[in-house]
K.L.:
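The following block contains the structure, expressed as structure tokens.
Whatever order the structure lists ligands and atoms in, that order sets their numbers, starting from 1.
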Amino acid sequence: MRAIRIYEFGGPEVLKYEDIPEPQPGPGEVRIRVIAAGVNPMDWKIRSGMVGEMPLPMTMGLDVAGVVDMGQGEVSFQPGEEVFAKVSIGQGGYAEYTVVNSAQVARKPKSIGFIESAAIPTAGLAAWQSLFDIAGLGKGQSVLVHGAAGGVGIFAVQFAKWKGAYVFGTASEKNEQFLKSIGADEFINYKKQRFEDVVGKVDVVLDTIGGDTFERSWGVLKPGGFLVSTVARIPEGVPDKYGVRAQTLMTRSDGEELAQIAALIDEQPVKPVVTTVLPLSEAKKAHEMSESRHTRGKIVLRVAEDPQ
Ligand SMILES: NC(=O)c1ccc[n+]([C@@H]2O[C@H](COP(=O)([O-])OP(=O)(O)OC[C@H]3O[C@@H](n4cnc5c(N)ncnc54)[C@H](OP(=O)(O)O)[C@@H]3O)[C@@H](O)[C@H]2O)c1
């Protein structure tokens, strides 16, 4: 099968498009014939070695949508079912076939195709787990989403709005109308405005940016509020100093939560936003785009023709 692999850590040039044997499922795993693979910043962080040493060679990619091809042992899916999943690091989503534990898989949303479904797993789970599992965001509360036009941010804005929260979103000027169209109540142009001057105090901050943005976020939380960061470590003692709670997200791969997200996408005006689709062979270009840190929504690799 065709796959994108790395034999060493480094720049986008270490991505190799090549033929490798198809993986075989182990007990409790299903094999998915991949139609589309989502691209995440985590992919190029792994590729560059930022995430640390890992066994090589490695097939890249974490997010897939496709069709179940076979399973082994007790699995919850039959061959032919249309699914999506966040696979474990090294299992390889940028490939014609991948294997994944059945508990990490869900039936894909019926109302969208494989390309859009592949845009969901990591970013959708990150937003869901940050807002609901960790921060407990509820109806009538307020949330500030930093990086609202990014992969995680677009889901966070839509999930928070669906929950009945008041949503502030930061991005640059070009994303103002877009963010309002997906449900942001107030847009903050981080290049021209300080978010502290706009939001007053909020119940939850979701930080996907880090650095100065993360550090300035403590001051905009209500007492007892929650700061979740997808990127920054929480310095010891600081949450107590501000009388707030804080946590760094570690996204779990969870088929049940993916099924909840799929239901929301089918029943509500919550949708993935895919701005770039490239063939699998152009993973290098996809990484270069993602590394710019200024893409809107998601980049997806087309691995095979949509069977529908
Ligand atoms: N811990 C975890 O489990 C976990 C899970 C998922 C993601 N993450 C991490 O979370 C981060 C975000 O992921 P992602 O997929 O959302 O990334 P992304 O799609 O690459 O984010 C790009 C977006 O960031 C915005 N942006 C850049 N600088 C900004 C700033 N200073 N203020 C506000 N927005 C800014 C850009 O908007 P403009 O173009 O308008 O500037 C762009 O829309 C990544 O570092 C990723 O690795 C961690």
K.L.:
Check whether NZ of the Lys or CZ of the Arg Arg296 lies under 6.0 Å from the centre of the six-membered ring of Phe178 and within 45 degrees of that ring's axis.
P.N.:
yes

K.L.:
Any pair with a residue in residues 52-80 that passes salt bridge (Lys or Arg N to Asp or Glu O under 4.0 Å), sequence neighbours left out, goes on the list, sorted by first then second residue, please.
P.N.:
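The answer is Arg31-Asp69.
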
K.L.:
Less than 6.0 Å separating the ring centroids of His146 and Phe195?
P.N.:
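Ring-ring flag for His146/Phe195: true, centres closer than 6.0 Å.
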
K.L.:
Write out all pairs satisfying side-chain hydrogen bond (donor to acceptor under 3.5 Å, both in side chains) with one or both partners inside residues 223-239, taking only residues at least two apart or from two chains.
P.N.:
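Of all non-adjacent pairs touching residues 223-239, those that pass side-chain hydrogen bond (donor to acceptor under 3.5 Å, both in side chains) are Asp207-Ser229.
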
K.L.:
Give one line per pair: atom of ligand 1, protein atom, distance. Only N/O to N/O under 3.5 Å.
P.N.:
{"from": "ligand 1", "atom 1": "1 (N)", "to": "Thr230", "atom 2": "O", "distance (Å)": "3.0"}
{"from": "ligand 1", "atom 1": "1 (N)", "to": "Leu249", "atom 2": "O", "distance (Å)": "2.8"}
{"from": "ligand 1", "atom 1": "3 (O)", "to": "Thr251", "atom 2": "N", "distance (Å)": "2.9"}
{"from": "ligand 1", "atom 1": "3 (O)", "to": "Thr251", "atom 2": "OG1", "distance (Å)": "2.6"}
{"from": "ligand 1", "atom 1": "10 (O)", "to": "Thr230", "atom 2": "OG1", "distance (Å)": "2.8"}
{"from": "ligand 1", "atom 1": "16 (O)", "to": "Gly151", "atom 2": "N", "distance (Å)": "3.1"}
{"from": "ligand 1", "atom 1": "16 (O)", "to": "Val152", "atom 2": "N", "distance (Å)": "2.9"}
{"from": "ligand 1", "atom 1": "19 (O)", "to": "Gly151", "atom 2": "N", "distance (Å)": "2.8"}
{"from": "ligand 1", "atom 1": "39 (O)", "to": "Lys174", "atom 2": "NZ", "distance (Å)": "2.7"}
{"from": "ligand 1", "atom 1": "39 (O)", "to": "His294", "atom 2": "ND1", "distance (Å)": "3.1"}
{"from": "ligand 1", "atom 1": "40 (O)", "to": "Ser172", "atom 2": "N", "distance (Å)": "2.8"}
{"from": "ligand 1", "atom 1": "40 (O)", "to": "Ser172", "atom 2": "OG", "distance (Å)": "2.6"}
{"from": "ligand 1", "atom 1": "40 (O)", "to": "Asn175", "atom 2": "ND2", "distance (Å)": "2.8"}
{"from": "ligand 1", "atom 1": "41 (O)", "to": "Tyr190", "atom 2": "OH", "distance (Å)": "2.5"}
{"from": "ligand 1", "atom 1": "41 (O)", "to": "His294", "atom 2": "ND1", "distance (Å)": "2.8"}
{"from": "ligand 1", "atom 1": "43 (O)", "to": "Gly150", "atom 2": "N", "distance (Å)": "3.4"}
{"from": "ligand 1", "atom 1": "43 (O)", "to": "Thr295", "atom 2": "O", "distance (Å)": "2.9"}
{"from": "ligand 1", "atom 1": "45 (O)", "to": "Lys45", "atom 2": "NZ", "distance (Å)": "2.6"}
{"from": "ligand 1", "atom 1": "45 (O)", "to": "Arg293", "atom 2": "NH2", "distance (Å)": "3.2"}
{"from": "ligand 1", "atom 1": "47 (O)", "to": "Lys45", "atom 2": "NZ", "distance (Å)": "2.8"}

K.L.:
Under the rule for ring-ring contact (aromatic ring centres under 6.0 Å, His included), what residues qualify as partners of Tyr94, not counting sequence neighbours?
P.N.:
His287

K.L.:
Could you check, using the six-membered ring where one of them is a Trp, whether Phe155 and Trp128 have ring centers closer than 6.0 angstrom?
P.N.:
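No, too far apart.
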
